[in-house]
> 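Have a look at the structure that comes next, please.
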Amino acid sequence: MMMLPAHRKTVTLPDRAPTIMWFRDDLRLMDNPALCDAAARGPVICLYIHDPAFPLGGAEKWWLHGALTALDHDLGACGGRLWIMAGDSRENLSWLVGQTGAEGVVWNRRYGPHARQVDADIKAALKARGIDACSHPGNMLHEPWQVRTKQGTPFRVFTPWWRAVQAMGAPLPPLPAPVRTTFAPVPSAVADRLVAVPDLALLPVRPDWAGGLRGQWQPGEAAAHARLDSFVAEQVHGYATRRELPAQPATSGLSPYLRFGHVSARQIWHAVDATGQGDQDTACFLSEVGWRDFAQSTLFDFPDLGTTNLRSEFNGMPWRHDPAALRAWQAGKTGYPIIDAGMRELWHTGWMHNRVRMIVASFLTKHLLTDWRAGAAWFADTLVDADAASNPFNWQWVAGCGLDAAPYFRIFNPVSQGEKFDPAGEYVRKWVPEIARLPDKYIHAPWKAGSVAPAGYPPPIVDLAGGRARALAAWKSL
DNA sequence: AGTATCTTTGG
DNA sequence: CAAAGATAC
């Protein structure tokens, strides 16, 4: 018998069982703790499940289409792909584990009550089958339970909470994307169940209302970092004052990227920290990131945030039911330019400047005495950054029923707010072109222009003094 | 992260 | 009497 050559053949280990990386609100490759864990274990299956139990607004669906496309592309660049399934999360995961022989499932945490329930159910079901299920720090600076009062209770007020967060020092340093990841092949029985991004039918068809969104946004991790880098390099300077002016491009525009986890709060924190300038502008910007974390924490500790007044005395609030007024607010036809500009910016771009969000929310809940949940529902359907925590948190803040809320009597006057924060009327003229030719002195109160008042712009749908008095009377009745 | 109204101040 | 300050909602 002929002898084989003396060199040893490279030993091929039997294929290791794959680990499923379940992507949810963390659609990125960098600073992704669960993905790093999966890659370190062996072959990875990158999975996204489009689950109808987690309904999305129209603008979020539009974003998700781009986000999944970008993630699949980014995975393709490292030799992988995104496996997409549609339907119930528990059933799909359970089936996929059986088909692939996966030895583990990993994910980054989410903090909403339904999401936590689903994740806990899945973890229990997998463990019962002897399959490892491991959750990782999600998209916050710190996990909610890491920030507690001396008594061990949740903070209810932002400022002491934020002080405690700052005393904790730096959040976890961002992880790089895993290198030399191996990806598990798709078994043929699984291939039949996987769907492509277009199959999810996330984009609007007739009418196609997404033109303004396409013009404004590029979903995905690469675009998130381009925006973060340019913001930190060029725009943080002057942020504290310019951020209040909606006509200025002074805000970071990172909110939808955070919503979908194209960038993590930890990455933002460290990018700002790396500039070494601990000035008022960076402190102001980081505290805005802090408000996002505080909203997530509030949802974790008060799971009813999205549906129930955190101050229960508001349960007796005599909200008005006025569908015509709600429609006028939604359509940007209230007769108050700063309100209408904001609502049209929202409809057109899927986003609204923060200052204007507060003004339109105050107007709906106070002057129109409309339940904040109606406003939150509209925002959830139209914002690309709609978030299960931030959206209701901020509505409860404005309406006065949140824990650390604006006092109910803080009622924004849309005319004086417009004059203060859009003094030259630039923002209003951009979004409400039918009044663009009004002189500055009438730009926030067109009805005072008399004969110069343009036709085709509605008169105010509610009297400011009357609406304010009615809101204060309703509040006093509680 | 406010507004309206009243009081005081300073020219 | 306009502007700044104080106070209640």
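Lettering follows sequence order; numbering is per chain, from 1.
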> Can you identify which nucleotide, out of B/dA1, B/dG2, B/dT3, has its nearest atom closest to the A/E288 side chain?
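The nucleotide sitting nearest to the side chain is B/dA1.
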
> Is there a side-chain contact between A/N354 and the phosphate of B/dA1, meaning an N or O under 4.0 Å from OP1 or OP2?
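Result: no.
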
> In this structure, how many angstroms lie between the C1' atom of B/dA4 and the NE2 atom of A/H367, rounded?
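Computing the A/H367:NE2 to B/dA4:C1' distance gives 12 Å.
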
> With a 4.0 Å cut-off on N to O distance, would you call A/E244 and A/K420 a salt bridge?
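Looking at A/K420 together with A/E244, the answer is no, because their closest N to O distance does not fall below 4.0 Å.
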
> Look at A/R470 and C/dC9 and indicate whether a side-chain polar atom (N or O) is within less than 4.0 Å of OP1 or OP2.
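No, no such contact exists.
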
> In whole Å, what is the span from the CZ atom of A/F409 to the P atom of B/dA1?
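Interatomic distance, CZ of A/F409 to P of B/dA1: 15 Å.
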
> Between A/W63 and A/Y257 (judged by ring centroids, cut-off 6.0 Å), do the two rings come close enough to count as a pair?
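When the ring centroids of A/W63 and A/Y257 are compared, they turn out to be within the sub-6.0 Å range.
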
> How is A/R468 classified with respect to the nucleic acid when contacts are heavy atoms under 4.0 Å: base, sugar-phosphate, or nothing?
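Base, at least one base atom sits under 4.0 Å.
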
> Given atom CG of A/L472 and atom C1' of B/dA4, what is their separation to the nearest angstrom?
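From A/L472 CG to B/dA4 C1': 10 Å.
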
> Which of the following nucleotides, C/dC9, B/dT3, B/dA1, is nearest to the side chain of A/K476?
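The nucleotide sitting nearest to the side chain is C/dC9.
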
> Does A/S362 reach a base, just sugar-phosphate, or nothing at all? Heavy atoms under 4.0 Å.
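Nothing: the residue A/S362, judged by heavy atoms under 4.0 Å, touches no strand.
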
> Checking A/R470 now: which residues fulfil salt bridge (charged side-chain N to carboxylate O under 4.0 Å, His left out) with it, not counting sequence neighbours?
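A/R470 satisfies salt bridge (charged side-chain N to carboxylate O under 4.0 Å, His left out) with no residue once adjacent residues are dropped.
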
> Indicate, with yes or no, if the rings of A/H348 and A/W209 have centres closer together than 6.0 Å.
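No: the rings miss the under 6.0 Å criterion.
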
> Could you tell me the separation between the CE atom of A/M358 and the C1' atom of B/dA1, rounded to a whole number of Å?
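Roughly 5 Å, once rounded to whole Å.
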
> Between A/E244 (CD) and B/dA1 (C1'), how many Å, whole number?
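It works out to 7 Å between those atoms.
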
> For B/dA1, take OP1 and OP2 only and decide whether either is under 4.0 Å from a side-chain N or O of A/Q417.
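No, no such contact exists.
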
